[in-house]
Amino acid sequence: AYKRFSELLPKEERENACSARVPRSQILTLPELRANPFQHRICHVFSTSETGDDSMSFEDFLDMLSVFSDAATSDIKSHYAFRIFDFDEDGILDRKDLEQLVNCLTGQGEESQLSSEEMEQLIQNVRPVGRAGHCTAPGTELTAHLPPQILEESDIDKDGTINLAEFQHVVSRSPDF
């Protein structure tokens, strides 16, 4: 991990890699993140940068690699997946978070985004007709197991949002997570 981290730094900074920060643009060159639709959220969630630039220290980088490793528990993975999907960072997944999640998975271009009707169908328990979204980018297995009827099956307390416990409950029923 240290070698991979230091290779992301300019040569003149490699001697002090322990105290250096790698800019987000360099982190995003990693093969694991290059095709991930949540790459910017991943950097944001794992970065401890006080300037908000999403740069990473070696500890941040190590945390990120640990969470995405096969050795990480499903509780740890689901905790970080929840944070990645909580776009507004309010501690719950609401309709806006779910819409942003779906838009990340279907693409950011207008031609690939779901219409308002398709989004409504997906979130409110009706399968959309004629559209299929397949998520094959590395690291997207965190989202591939959310059921199409996201709110209906996940919102246990029926408050219109998904909290961490509800998210972890749904994820625990997915053996591939």
Side-chain angles (χ1 to χ4, degrees), residues 1-114 119 123 133 135-146 150 161-168 171 177:
Y2 181 79
K3 183 179 183 220
R4 286 187 78 189
F5 180 78
S6 62
E7 288 171 351
L8 295 171
L9 291 167
K11 287 184 181 183
E12 61 273 7
E13 292 183 36
R14 290 183 183 169
E15 280 186 31
N16 299 320
C18 286
S19 60
R21 297 193 71 82
V22 173
R24 178 176 72 178
S25 60
Q26 281 299 107
I27 298 291
L28 295 178
T29 65
L30 292 169
E32 297 89 341
L33 294 179
R34 201 173 298 138
N36 191 307
F38 299 99
Q39 59 182 222
H40 295 286
R41 285 293 304 154
I42 290 168
C43 286
H44 183 74
V45 165
F46 286 97
S47 173
T48 58
S49 172
E50 293 179 7
T51 64
D53 64 0
D54 296 342
S55 63
M56 288 192 191
S57 67
F58 177 62
E59 281 188 32
D60 298 340
F61 186 75
L62 196 56
D63 286 346
M64 180 182 70
L65 291 182
S66 296
V67 168
F68 288 112
S69 78
D70 292 337
T73 66
S74 62
D75 277 352
I76 296 290
K77 287 181 182 281
S78 62
H79 171 81
Y80 279 95
F82 183 86
R83 288 188 57 203
I84 290 165
F85 301 155
D86 184 12
F87 288 87
D88 57 11
E89 300 179 3
D90 62 357
I92 57 169
L93 302 182
D94 58 16
R95 177 178 202 81
K96 285 187 179 188
D97 292 316
L98 295 177
E99 287 179 8
Q100 284 187 268
L101 186 154
V102 170
N103 284 335
C104 280
L105 291 174
T106 59
Q108 297 298 321
E110 282 186 35
E111 69 283 348
S112 61
Q113 284 191 347
L114 298 181
M119 185 71 74
I123 292 175
C135 204
T136 57
T140 56
E141 66 276 357
L142 296 177
T143 58
H145 304 293
L146 285 177
I150 301 167
T161 65
I162 302 167
N163 62 37
L164 177 59
E166 291 168 329
F167 182 80
Q168 287 182 317
V171 167
F177 188 77

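Note that the coordinates shown come from a computational prediction; the quantities given were computed from them, not determined experimentally.
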Enquirer: Between atom CG of D88 and atom CG of L93, what is the distance when rounded to the nearest 0.5 Å?
Expert: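 Going from CG on D88 over to CG on L93, the span is 9.0 Å.
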Enquirer: Please check if the side chain of D97 supplies one atom and the backbone of F87 the other of a donor-acceptor pair under 3.5 Å.
Expert: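 Indeed, once roles are kept as given, a pair shorter than 3.5 Å links the two residues.
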Enquirer: Side chains of M56 and L8: does their closest heavy-atom pair fall under 4.5 Å?
Expert: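 No, their side chains stay 4.5 Å or more apart.
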Enquirer: Can you classify the ring geometry of Y2 versus F58 as parallel (below 30°), tilted (30 to 60°) or perpendicular (above 60°)?
Expert: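 Rings of Y2 and F58: perpendicular, over 60°.
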Enquirer: Is there a side-chain contact between D90 and K96, using heavy atoms and a 4.5 Å cut-off?
Expert: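 No, too far: nothing below the 4.5 Å cut-off.
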Enquirer: Which word best sums up how the rings of F167 and F85 line up, parallel for under 30°, tilted for 30 to 60°, or perpendicular for over 60°?
Expert: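 Taking F85 first and then F167, their aromatic rings stand perpendicular (interplane angle over 60°).
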Enquirer: Compare every heavy atom of D86 with every heavy atom of G91, then report the nearest pair and how far apart it is.
Expert: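 That would be N-OD2, 2.7 Å.
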Enquirer: Restricting to non-hydrogen atoms, name the atom on E13 and the atom on A20 that form the minimum distance, rounded to 0.1 Å.
Expert: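 Shortest heavy-atom separation between E13 and A20 comes out as OE1-CB, 4.1 Å.
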Enquirer: If you round to the nearest 0.5 Å, how far is NZ of K11 from CD of E7?
Expert: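 Separation between the atoms: 11.0 Å.
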Enquirer: Judged by atom type as modelled, is there a donor-acceptor pair below 3.5 Å linking the side chain of E166 to the main-chain atoms of N163?
Expert: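 Yes, because the side chain of E166 sits within donor-acceptor range (under 3.5 Å) of the backbone of N163.
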Enquirer: Nearest 0.5 Å, what's the CD1-CG distance between I92 and L164?
Expert: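 The CG atom of L164 is 12.0 Å from CD1 of I92, to the nearest 0.5 Å.
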Enquirer: To the nearest 0.5 Å, what is the distance between CD1 (I42) and CG (N36)?
Expert: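 Reported value, rounded in 0.5 Å steps: 4.0 Å.
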Enquirer: Which pair of heavy atoms, one from A17 and one from S6, lies closest together, and at what distance?
Expert: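 Answer, listing the atom of A17 first, then S6: CB-CB, 4.1 Å.
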Enquirer: Which pair of heavy atoms, one from R83 and one from V45, lies closest together, and at what distance?
Expert: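 Looking at all heavy atoms of both residues, the closest pair is NH2-O, 3.4 Å.
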Enquirer: Is any side-chain heavy atom of T48 closer than 4.5 Å to a side-chain heavy atom of R21?
Expert: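 Result yes, sub-4.5 Å side-chain heavy-atom pair found.
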Enquirer: So, Q39 side chain and L28 main chain: donor-acceptor pair closer than 3.5 Å or not?
Expert: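 No, because the side chain of Q39 does not come within donor-acceptor range (under 3.5 Å) of the backbone of L28.
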Enquirer: What are the two closest heavy atoms between F68 and I84, and how far apart are they?
Expert: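 Distance-wise, the nearest heavy atoms are CZ-CD1, 4.3 Å.
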Enquirer: Is the backbone N or O of T29 less than 3.5 Å from a side-chain atom of R34, with the two atoms forming a donor-acceptor pair by type?
Expert: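 Yes, because the side chain of R34 sits within donor-acceptor range (under 3.5 Å) of the backbone of T29.
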Enquirer: Short question: side chain of S47, backbone of S55 - any donor-acceptor pair under 3.5 Å?
Expert: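 Checked: pair present.
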Enquirer: With the threshold set at 4.0 Å, does a side-chain nitrogen-carboxylate oxygen contact exist between E89 and R41?
Expert: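 Salt bridge flag = yes for R41 with E89.
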Enquirer: Under the criterion side chain to side chain donor-acceptor pair (under 3.5 Å), I'd like the reasoning laid out for S66 against D63: C-alpha separation, chi angles, the key distance, then a yes or no.
Expert: CA-CA 5 Å; S66 296; D63 286 346; 5.5 Å; no
Enquirer: If you count heavy atoms of other groups shown closer than 6.0 angstrom to CD of E59, is the number above 12?
Expert: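 12 or below, so no.
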Enquirer: Using 30° and 60° as the class boundaries, would you call the ring planes of F5 and F61 parallel, tilted or perpendicular?
Expert: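 F5 and F61: tilted rings.
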Enquirer: When rounded to the nearest 0.5 angstrom, what is the spacing between CE in M64 and SG in C43?
Expert: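 Reported value, rounded in 0.5 Å steps: 6.5 Å.
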Enquirer: Step through it carefully: locate the ring centre of F46, locate the ring centre of Y80, and say whether they are under 6.0 Å apart.
Expert: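 Yes, ring centres under 6.0 Å apart.
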Enquirer: Could you tell me whether the side chain of L30 reaches within less than 4.5 Å of the side chain of R4, counting heavy atoms only?
Expert: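 With C-beta onward as the side chain, the pair touches.
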Enquirer: Inspect the surroundings of CD in E12 and state if more than 12 heavy atoms from other residues, nucleotides or ligands are less than 6.0 Å away.
Expert: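 For E12, atom CD is crowded (more than 12 foreign heavy atoms under 6.0 Å).
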Enquirer: Ignoring hydrogens, what is the shortest heavy-atom contact between H44 and D54? Give both atom names and the distance.
Expert: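 Looking at all heavy atoms of both residues, the closest pair is ND1-OD1, 2.9 Å.
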Enquirer: Donor-acceptor pair, K77 side chain versus D70 backbone, under 3.5 Å?
Expert: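 Not at all, since once roles are kept as given, no pair shorter than 3.5 Å links the two residues.
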Enquirer: Is it the case that the side chain of D60 and the backbone of S57 share a donor-acceptor pair, with hydrogens and angles ignored and the cut-off at 3.5 Å?
Expert: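 Looks like yes, one N/O pair under 3.5 Å.
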Enquirer: Any side-chain heavy atom of R24 within less than 4.5 Å of one from H40?
Expert: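 In contact.
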